[in-house]
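Note that the structure is predicted; figures quoted are calculated from it, not measured.
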Amino acid sequence: MPVLSQLFEHNKAWADKITKEQPDFFDKLSQQQSPEYLWIGCSDSRVPANELLGMMPGEIFVHRNIANQVIHTDLNCLSVIQYAVEMLKVKHIIVCGHYGCGGVAASLDDNQHGLIDNWLRHISDVHRFHKDELAKLSGDELTDRLCELNVVEQVANVANTTTLINAWQSGQELSIHGFVYNLKDGILKDLGVSIKGPQA
């Protein structure tokens, strides 16, 4: 098991480095978590929330799934949102997609991919909602634009959860934001679709 041994060695080196820089870091971290942010992102291994935001453990609460979906029957995602909002009292929820998303690309082809096709159906719906705009695009332009539109749709889905509706009705300060991450340069793009309260 040399690969697994390497993981433990890397973990030890990482923990030693942090301890040298901040001797009380792990003691404080073990006492509580109080992040201001919930990140809903893609499972893609190239999009690590903490690292790309320059944040340490404990600073961001994370949920990831294929193509950063917020689906109203997904109890896993809904439970994460509820815990983040009601227990952790996060102030910001970030839905972050990324250009070059394999899930988004797979939703555009006619091939069968197995069980995941059921999950990707939601992205196909986003494509249908914007078919006139997307019909003018092809290749990477089409995929990248669908990545953006998918994030916009998921931001709206977060805003329409009972957790968010109840939080806003009770006066809790909470915003939802939509970002896209560029794998080619490591830069986040704000899609300008932030929501700060109940939608009319």
Taking all heavy atoms of [X] and all of [Y], pick out the closest pair and write down the distance.
X	Y	result
Gly97	Val151	N-CG2, 3.4 Å
Ala84	Phe61	CB-CD2, 3.8 Å
Tyr37	Met55	CE1-CE, 3.4 Å
Leu29	Pro57	CD1-O, 3.5 Å

Between the side chains of [X] and [Y], does any donor sit under 3.5 Å from an acceptor?
X	Y	result
Asn65	His63	yes
Asn166	Gln172	no
Asp109	His113	yes
Asn150	Glu153	no

Does Gln154 reach the main-chain N or O of Val70 with its side chain, forming a donor-acceptor pair under 3.5 Å? yes
Sole residue of Leu188, Leu183, Leu52 in side-chain contact (heavy atoms from CB on, under 4.5 Å) with His98: Leu183
Here's a test for you: under side-chain contact (heavy atoms from CB on, under 4.5 Å), which of Asp140, Leu137, Val104 qualifies with Arg145? Leu137
Non-hydrogen side-chain atoms of [X] and [Y] separated by less than 4.5 Å:
X	Y	result
Ile195	Val158	no
Ser194	Ser175	no
Ile123	Gln69	yes
Glu133	Leu149	yes

Hey, is Arg121 close enough to Asp117 for a salt bridge, meaning N to O under 4.0 Å? no
Passes ring-ring contact (aromatic ring centres under 6.0 Å, His included), Phe26 versus Trp14? Steps please. CA-CA 12 Å; Phe26 288 108; Trp14 171 79; 5.7 Å; yes
If you measure from CG on Leu146 to OH on Tyr99, what distance do you get to the nearest 0.5 Å? 12.0 Å
